[in-house]
Amino acid sequence: MTNAHKDALFVLVKSLSKSEKRQFKLYVGRLGVNTDAKFIALFNLMDKMKDYNEKTILASGIVKKSQLSNLKAHLYKQILISLRLNPVNQNIRVQIREQLDFATILYQKGLYKQSLKILDKAKNVAIENEEKNIAYEIVELEKIIETQYITRSIPDRADELAVQAKELSAHNVMASKLSNLSLQLYGLMLKVGYARSDEDITNIKHYFEKQLPKYNIEKLGFREKLWLYKAHLWYSFLIQDFLSCYRYANKWVDLFYQHKDMIYLNPVFFLKGNHYLLESLFYVKYKSQFKVILNNLEDIVESKDFPKNDNIASLAFLYTNSNRLNLHFLEGTFEKGLYLVKIIEYGINKHKDRIDAHHIMLLYYKIACLYFGMGDNKLCIQYLKKIINNKNLKMREDLLCFARVLSLVAHYEAGMDYHLEVQLKSTYKFLLKMDDLHEVQKEMIKFLRNLGNIYPSELRNEFQKLHSELKKYEDHPYEKRAFLYLDIISWLESHLENKTVAQIIQEKSRIQNR
């Protein structure tokens, strides 16, 4: 969330569509007693408000300050109940839980046979749809009922339930271990980015091998395989093995195509898998396959059968536009990508309550790179300032680092010499504090710091020296990450060959894709 201080109820009210608001009013109006209820009046007031203001609510006379907290909690609950009843939200997962609730009510009334009948159907649906946690809950309730009411309808019922519970538990434990490993690696990726040294690689490898449970791939279900591929993907990203990233992201996406029903039951995971597949292809510069996957993703997201909700809309906006930018970076068609800036700015404002600050800053960095590639350095600097001045950004230290390095280059290109000196000092202190001063950054800062002492006639020679120095690091296991964020080499070559950055990248793209 970009604004953690927003009122949760107000955000929920504002997230409702017209049809959801209409259904809520029909839901609460089902009994005449609700017609003048305070919580409806509060809902109507919040619906009209542009920004949350508690003083406005209290001044309306709807509720006293001492009662406001309870009234808001009641309204929040009523909205959730209304949303739960909405057919749009009635997916398989919700339907199974509903059946479990019905069976529990029947059990409590002593209607054991009816309860068991519903549970058996719900359990089969849960297992078919890889909802093994809910399936395990159902088996546990079946066991409780069987201990109180022996149906004798099925021979060896107790043994059957015990075996089923054991199998489901084993699957759930495996999924839990793999999901824990995946989450820990993802958290590490967000916090510090790629491995920076042999020591980092050793520590990551040791942690991964220690935490990875032993498994038989043939016995893993859809969900366990999904978490397994995720864990391998994050491990590969951390150690900068991008071919391995591509391999496991591809396995992730193929898993969904092998179980197509899962695309519609788990659309978020499907979107994320495609995003990381595209990111891997971007890093290995496989442009032709990148375009195929991006086109497929856009077609599926826009198809009428693909699930639609606010969360999916936010993720689809984030992933499609981020990768559209990446395609323009691969092709060097920066000016053609300019149309995306307004789309992204509008989307950030529309989805700001559902996209975290890190991903918003990442979009700003990509826009800055777009303007840099076009040669519009002042606009590039404006977008980088959004990142550099963000004091609340706690993740992806490498993003903060390279935003500052790109800002230095943009200040130089824009001829902002005074600002460049200030930026140099600030960036150097920042990198030292982060303990993230690698060779590429050192060479860049040394070059920019000495620019004031170089005669114009010597400039080309200095560019050539820096280019020769940085080329050594282009395939270095740890230094190469600098080039993932900023194509310094192409920038230098643009000066050496008297061409634009876009022309250099376009020429490289043509050679790579012959």
Side-chain angles (χ1 to χ4, degrees), residues 1-31 33-98 101 134 264-269 271-272 301 306-319 345-360 363 392:
M1 299 272 285
T2 56
N3 188 350
H5 301 292
K6 275 193 174 180
D7 182 80
L9 174 61
F10 182 74
V11 171
L12 178 61
V13 170
K14 289 299 179 184
S15 74
L16 299 177
S17 65
K18 287 183 180 180
S19 63
E20 288 170 337
K21 291 174 186 176
R22 184 168 58 251
Q23 178 177 316
F24 173 71
K25 290 178 180 179
L26 289 171
Y27 162 71
V28 298
R30 68 197 186 285
L31 297 174
V33 71
N34 281 335
T35 305
D36 299 316
K38 289 183 177 180
F39 75 89
I40 299 176
L42 178 59
F43 173 83
N44 289 331
L45 178 61
M46 281 192 160
D47 188 26
K48 293 175 183 176
M49 293 168 65
K50 288 187 177 181
D51 297 296
Y52 179 74
N53 190 320
E54 194 168 294
K55 290 181 180 179
T56 302
I57 294 172
L58 296 174
S60 70
I62 294 171
V63 62
K64 295 178 182 177
K65 187 170 185 177
S66 59
Q67 301 171 324
L68 181 58
S69 179
N70 287 338
L71 185 63
K72 285 170 65 179
H74 180 62
L75 174 56
Y76 195 92
K77 180 180 177 182
Q78 293 301 317
I79 293 173
L80 289 180
I81 293 172
S82 172
L83 288 172
R84 189 179 186 276
L85 294 172
N86 193 322
V88 173
N89 299 319
Q90 292 292 310
N91 61 26
I92 289 292
R93 197 172 290 114
V94 172
Q95 290 170 12
I96 295 168
R97 288 215 166 270
E98 185 178 62
D101 291 343
I134 306 176
Y264 305 101
L265 186 58
N266 300 282
V268 169
F269 288 154
L271 288 174
K272 285 181 179 289
V301 167
F306 195 72
K308 304 287 191 295
N309 61 44
D310 293 334
N311 185 41
I312 291 169
S314 297
L315 290 174
F317 154 75
L318 178 65
Y319 295 151
E345 289 279 15
Y346 173 79
I348 287 173
N349 186 57
K350 181 181 178 181
H351 301 286
K352 60 186 175 183
D353 293 317
R354 286 177 291 275
I355 300 178
D356 60 89
H358 162 71
H359 281 102
I360 290 175
L363 284 173
N392 298 317

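A quick note: this is a predicted structure, and the numbers were derived from the prediction, not measured. These values consider heavy atoms only, across backbone and side chains, with no hydrogens, waters or symmetry-generated copies.
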Output, in order, the C-alpha distance, side-chain angles, deciding distance and verdict of side chain to side chain contact (heavy atoms under 4.5 Å, CB included) for Leu16 and Asp47.
-> CA-CA 9 Å; Leu16 299 177; Asp47 188 26; over 6 Å; no

Please determine if Asp101 and Arg84 form a salt bridge, counting it only when a charged side-chain N lies under 4.0 Å from a carboxylate O.
-> yes

So do the side chains of Asn266 and Arg93 get within less than 4.5 Å of each other, counting heavy atoms only?
-> yes

Solution key, residues 60-71 side-chain donor-acceptor pairs under 3.5 Å, sequence neighbours excluded:
| residue | atom | partner | partner atom | Å |
| --- | --- | --- | --- | --- |
| Ser60 | OG | Ile57 | O | 2.5 |
| Ser60 | OG | Ile62 | N | 3.4 |

Asn53 side chain to Thr56 backbone, donor-acceptor under 3.5 Å | yes

The reported gap from CG in Asn91 to CD1 in Ile96 (rounded to nearest 0.5 angstrom) is 8.5 Å

Is the closest side-chain donor-acceptor distance between Lys272 and Tyr319 under 3.5 Å?
-> yes

Roughly how far, to the nearest 0.5 Å, is the CD1 atom of Ile40 from the CG atom of Leu75?
-> 9.5 Å

Nearest heavy-atom contact between Ser15 and Asp310 is O-OD2, 3.2 Å

Heavy atoms only: give me the nearest Leu271-Ala316 pair and the separation to one decimal.
-> CD1-N, 4.2 Å

Do the side chains of Lys25 and Asn44 get nearer than 4.5 Å, heavy atoms only?
-> yes

Distance in Å, Asn309 CG paired with Arg354 CZ, rounded so as to fall on 0.5 Å steps = 9.0 Å

Take Leu315 and His351 through the test side chain to side chain contact (heavy atoms under 4.5 Å, CB included) and record every step on the way to the result.
-> CA-CA 9 Å; Leu315 290 174; His351 301 286; over 6 Å; no

Say you draw a straight line from CD1 of Ile360 to CG of Asp356; how long is it, rounded to the nearest 0.5 Å?
-> 7.0 Å

May I ask you to say whether Lys14 pairs ionically with Asp353, meaning some side-chain N is under 4.0 Å from a carboxylate O?
-> no

Donor-acceptor pair, side chain of Lys308 and main chain of Phe306, under 3.5 angstrom = yes

When rounded to the nearest 0.5 angstrom, what is the spacing between NZ in Lys72 and CG in Leu12?
-> 12.0 Å

More than 12 heavy atoms from other groups under 6.0 Å of OH on Tyr264 = yes

Counting N and O atoms only, with roles assigned by atom type, does the side chain of Gln23 sit under 3.5 Å from a partner on the main chain of Ser82, one being a donor and the other an acceptor?
-> yes

Beyond-backbone contact of Asp7 with Glu54, side-chain heavy atoms, under 4.5 angstrom | no

To the nearest 0.5 Å, atom CZ of Phe39 lies from atom OH of Tyr76 at 16.0 Å

What is the ring orientation for Phe24 with Phe43, classed by angle as parallel under 30°, tilted 30 to 60°, or perpendicular over 60°?
-> tilted

Please walk me through it: do Val11 and Tyr52 pass side chain to side chain contact (heavy atoms under 4.5 Å, CB included)?
-> CA-CA 9 Å; Val11 171; Tyr52 179 74; over 6 Å; no

